[in-house]
Amino acid sequence: MTHYIGILDGHDDVWGVRIPDLPGCLGGGSSPEVAIRDAVSAMAEWVQDRQDRGHPVPQPRSAGDLMRDPAIRADMLPGDAFVVLPLIVESGRPTRANISLDAGLLQSIDMAAKARGLTRSAFLASAAREKILAEV
């Protein structure tokens, strides 16, 4: 999985994340967690738009490379922090996958999916997204 480094800034209920390797790609929200999730969503849209237009997607730099970049250092304020952001770009093309799960767990998944009005696949995909984002 590809990860980009974002720069988190803000205070109180105004937070932002800018992604230096994806110019103009920003996220924001009322808390650091909300701003980070918004940045992950913005990255997916930014990358998808670039791909749709036939443009290359910039390679992510490491945190060390960003810290050595004079332009990044000059732009950072006290209290700003680097955050690691997973790039999750969906293709819109379903792919069949054969997985093995405990029968009892599968039954619980089916019940939880039904209670939410989701298919098993949609439930598992949303759970996977949540798990990936929880690591941020």
Side-chain angles (χ1 to χ4, degrees):
M1 174 182 305
T2 302
H3 289 80
Y4 284 86
I5 303 293
I7 301 172
L8 174 69
D9 62 52
H11 57 83
D12 297 329
D13 61 351
V14 180
W15 292 86
V17 177
R18 57 194 185 279
I19 301 102
D21 291 331
L22 306 178
C25 186
L26 308 166
S30 59
S31 70
E33 296 79 13
V34 172
I36 289 168
R37 284 193 181 91
D38 189 54
V40 169
S41 177
M43 283 186 353
E45 291 177 22
W46 194 99
V47 167
Q48 188 66 56
D49 181 64
R50 292 281 294 195
Q51 290 173 336
D52 289 349
R53 294 170 185 256
H55 298 295
V57 176
Q59 290 297 310
R61 290 180 282 173
S62 70
D65 287 344
L66 288 173
M67 287 192 295
R68 286 186 289 276
D69 183 328
I72 301 296
R73 284 201 323 255
D75 191 41
M76 290 188 72
L77 299 172
D80 286 1
F82 284 152
V83 291
V84 179
L85 306 168
L87 177 61
I88 305 170
V89 178
E90 298 191 29
S91 69
R93 180 181 43 88
T95 301
R96 182 173 291 278
N98 184 14
I99 61 171
S100 298
L101 299 170
D102 177 82
L105 177 59
L106 187 59
Q107 182 179 18
S108 294
I109 289 169
D110 287 343
M111 290 182 343
K114 183 177 180 181
R116 290 165 177 80
L118 299 172
T119 64
R120 178 190 291 165
S121 294
F123 180 83
L124 290 172
S126 69
R129 273 187 222 92
E130 287 177 23
K131 186 71 171 172
I132 291 168
L133 291 174
E135 296 172 0
V136 174

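Reckoned from all heavy atoms, side chains included, excluding hydrogens, waters and symmetry mates.
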| message | Run K114 and D110 through salt bridge (charged side-chain N to carboxylate O under 4.0 Å, His left out) and show every step you take. | response | CA-CA 6 Å; K114 183 177 180 181; D110 287 343; over 6 Å; no
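- Note: R37 CZ to R129 CZ = 13.5 Å, rounded to the nearest 0.5 Å.
- Under the 4.5 Å side-chain criterion, counting only non-hydrogen atoms from C-beta, R50 is not in contact with L22.
- Residues S41 and E45 meet the side-chain proximity criterion, which asks for heavy atoms closer than 4.5 Å.
- A donor-acceptor contact shorter than 3.5 Å links the side chain of R116 to the backbone of A112.
- Residues D21 and I5 have side chains not in contact (no heavy-atom distance under 4.5 Å, counting atoms from C-beta outward).
- Here the CD1 atom belonging to I19 is positioned 11.5 Å from the CG atom belonging to L66, to the nearest 0.5 angstrom.
- Atom CE of M76 and atom CD1 of I7 lie 5.0 Å apart (nearest 0.5 Å).
- To the nearest 0.5 Å, atom CZ of residue R73 and atom CG of residue D80 are 14.5 Å apart.
- Annotation: side chain of V40 is in contact with side chain of P86 (closest heavy-atom distance under 4.5 Å).
- Using a distance-only test at 3.5 Å, with no hydrogens or angles considered, no donor-acceptor pair links the side chain of W15 to the main chain of E33.
- The shortest distance between side-chain heavy atoms of I109 and L101 falls below 4.5 Å.
- Residues Q51 and V57 meet the side-chain proximity criterion, which asks for heavy atoms closer than 4.5 Å.
- The two atoms that bring D38 and G28 nearest to each other are OD2-N, 2.9 Å, heavy atoms only.
- The environment of NE2 in H11 is sparse: at most 12 heavy-atom neighbours from other residues, nucleotides or ligands sit within 6.0 Å.
- The two atoms that bring P23 and W46 nearest to each other are O-NE1, 3.0 Å, heavy atoms only.
- Here the straight-line distance linking atom CD1 of I72 with atom CZ of R61 works out to 5.0 Å at 0.5 Å rounding.
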